[in-house]
Amino acid sequence: MNVLYFIFQQTMFFTIPLLLVALGGMFSERSGIINIALEGIMTMGAFTSVVFLNRTGGVMGGQGQLLIAILIAMGTGALFSLLHAYAAVNMKADQVISGTALNMLAPAFAIFIGRILNGVQQVQFNNTFRIESVPILGKIPLFGPLFFQNTYITTYLGFLILGLSILVLYKTRFGLRLRACGEHPQAADSAGVNVYRMQYCGVIISGALSGLGGLVFVVPTSTNFNATVSGYGFLALAVLIFGQWKPIKILYASLFFGLMKAIAAAYSGIPFLNHLGISSNLYKMIPYIATLIVLIFTSKNSQAPRAEGIPYDKGAR
């Protein structure tokens, strides 16, 4: 039973950042803007928030410090995504090229500033954020060890954001307008919707959630940040496609890929896998092999927003 608890908790550590970043990508692409800059935005959000953790480690700690870091990560992601929004919306630039440029800029910026601040690109921090057991809830049979022991507040935040995403996307006027801009921006414009504003909102929300995803990826699995999120932004894009741009399906896809990533990272803690004698390199390949297999069988049935990636020109009809 302890092994099952271990696998589940490790899966959550990898699922939540995937969920957050894929939901961020969903908001952007639902507005009609392709955002492959998720990797770069994650990197920037993780970098600035970890620098904060590093600089305040001697005077702050615990959940209060983490909450401030969360706000910094989201703010950084939102600001950094404005570069992509301006290029895609105002300049009508190729959205893939714009996103690629941000993916190249972010790690270079993190390495450069990291070396200025610390002499090395690696930024250390003290992890004082793990919750050993949530009072009362942690003692509930079965569910207590699964959800309320050896956990982080970011896990609960991830599920909260999932619920809010469903509510905003399907139950609000904003969500209706956002989806309309991604499907038929001309019709949305004729109904009085400011398409450019909605696209900016979609990209900014995407940036905020991706920046948060960067921090959430680093904190439970490491005590340092080395200017990379290990391709997690690209894996989140696969989750987004597999999830058909829908929040609940994105959750299921995140759980699947989170499990694959957990097996790759923590196989040595699973007796059955550890005794197989398989090379660690093979385990590290599992998430990406699974990604290729899943996309091969699902990409033909993908139903992306119809206006996704097509620059909207208000004067063209």
Side-chain angles (χ1 to χ4, degrees), residues 11-31 33-50 69-70 72-81 84-85 95 99-100 102-103 106-107 110 152 154-155 157-166 168-169 202-222 225 228-262 287-288 290-291 294-295 304:
T11 299
M12 285 296 102
F13 293 160
F14 292 104
T15 293
I16 297 304
L18 271 182
L19 175 65
L20 290 170
V21 179
L23 287 174
M26 177 194 70
F27 276 101
S28 179
E29 300 198 6
R30 282 283 194 163
S31 74
I33 304 296
I34 294 176
N35 191 356
I36 69 165
L38 301 178
E39 178 88 1
I41 298 172
M42 283 185 73
T43 300
M44 290 297 292
F47 174 69
T48 56
S49 54
V50 169
I70 285 171
I72 291 172
M74 295 183 72
T76 301
L79 288 173
F80 192 62
S81 68
H84 183 54
Q95 295 166 18
T100 301
L102 294 186
N103 285 335
Y152 291 81
T154 51
T155 299
L157 180 61
F159 285 110
L160 174 62
I161 289 175
L162 171 65
L164 290 175
S165 297
I166 295 171
V168 168
L169 198 63
V203 176
I204 290 172
I205 293 172
S206 174
L209 294 182
S210 298
L212 172 60
L215 173 65
V216 174
F217 171 72
V218 174
V219 167
T221 59
S222 180
F225 178 68
T228 179
V229 289
S230 304
Y232 234 59
F234 298 113
L235 193 57
L237 283 173
V239 168
L240 177 62
I241 296 170
F242 187 33
Q244 294 291 296
W245 294 266
K246 297 177 181 178
I248 293 298
K249 290 187 176 181
I250 287 174
L251 171 62
Y252 296 150
S254 299
L255 286 168
F256 171 75
F257 286 107
L259 176 60
M260 296 297 103
K261 192 71 176 177
Y288 307 102
T291 300
V294 167
L295 290 180

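Minimum heavy-atom separation, Phe242 to Ala253: CD2-CB, 3.4 Å. Summarising the geometry of Ala22 relative to Val239, their closest heavy-atom pair is CB-CG1, 3.8 Å, with the distance given to 0.1 Å. Nearest heavy-atom pair across Gly77 and Ile41 is CA-CG2, 3.7 Å. Listed here is the closest heavy atom pair of Ala236 and Val21: CB-CG1, 3.5 Å. In terms of heavy atoms, Val203 sits closest to Ser28 at CG2-OG, 3.7 Å. Residue Ser81 comes nearest to Ile204 through the heavy atom pair OG-CA, 3.7 Å, listed as atom of the first residue, atom of the second, then distance.
Residues Leu157 and Leu212 have side chains in contact (heavy-atom distance under 4.5 Å, counting atoms from C-beta outward). Side chains of Thr291 and Phe234 form no contact here, defined as non-hydrogen atoms less than 4.5 Å apart. Annotation: side chain of Lys261 is not in contact with side chain of Phe256 (no heavy-atom distance under 4.5 Å). In this structure, Thr228 and Thr43 have side chains that are not in contact, with every pair of non-hydrogen atoms separated by 4.5 Å or more. Inter-residue side-chain proximity for Phe159 and Ile16 is flagged as met; some heavy-atom pair is nearer than 4.5 Å. Side-chain contact between Phe217 and Ser230: present, with at least one pair of heavy atoms (C-beta onward) separated by less than 4.5 Å. Counting heavy atoms from C-beta on, the side chains of Leu255 and Met12 come closer than 4.5 Å. The shortest side-chain heavy-atom distance between Leu20 and Val216 falls under the 4.5 Å cut-off.
Judged purely by atom type and a 3.5 angstrom limit, Ser49 uses its side chain to pair as donor or acceptor with the backbone of Gly45. In this structure a side-chain-to-backbone donor-acceptor pair under 3.5 Å is missing from Arg30 to Gly202. Judged by distance alone, the side chain of His84 and the main-chain N or O of Ile34 form a donor-acceptor pair under 3.5 Å. Checked by atom type and distance alone, the side chain of Ser165 pairs as donor or acceptor with a backbone atom of Ile161 at under 3.5 Å.
Ring pair Phe14/Tyr232 is tilted by interplanar angle, where 30° to 60° counts as tilted. Taking the six-membered ring where the residue is Trp, Phe47 and Phe225 present tilted rings, their angle falling between 30° and 60°.
Ser31 pairs by the side-chain hydrogen bond (donor to acceptor under 3.5 Å, both in side chains) definition with nothing, not counting sequence neighbours.
Tyr152 and Phe13 have their aromatic ring centers within a separation under 6.0 angstrom.
Taking CE of Met260 as the start and OG1 of Thr11 as the end, the distance is 8.5 Å to the nearest 0.5 Å. How far OG of Ser210 is from CG of Asn35: 6.5 Å, rounded to the nearest 0.5 Å. For the atom pair Ile241 CD1 and Glu29 CD, the distance stands at 7.5 Å (nearest 0.5 Å). Rounding to the nearest 0.5 angstrom, the gap separating the OG atom in Ser254 from the CG atom in Leu19 is 4.5 Å. To the nearest 0.5 Å, atoms CG (Leu38) and CG (Leu237) are separated by 4.5 Å. Note that the CG atom of Leu160 and the CG atom of Leu164 stand 4.5 Å from one another [nearest 0.5 Å].
A donor atom on one side chain and an acceptor atom on the other are found under 3.5 Å apart for Thr76 and Thr48.
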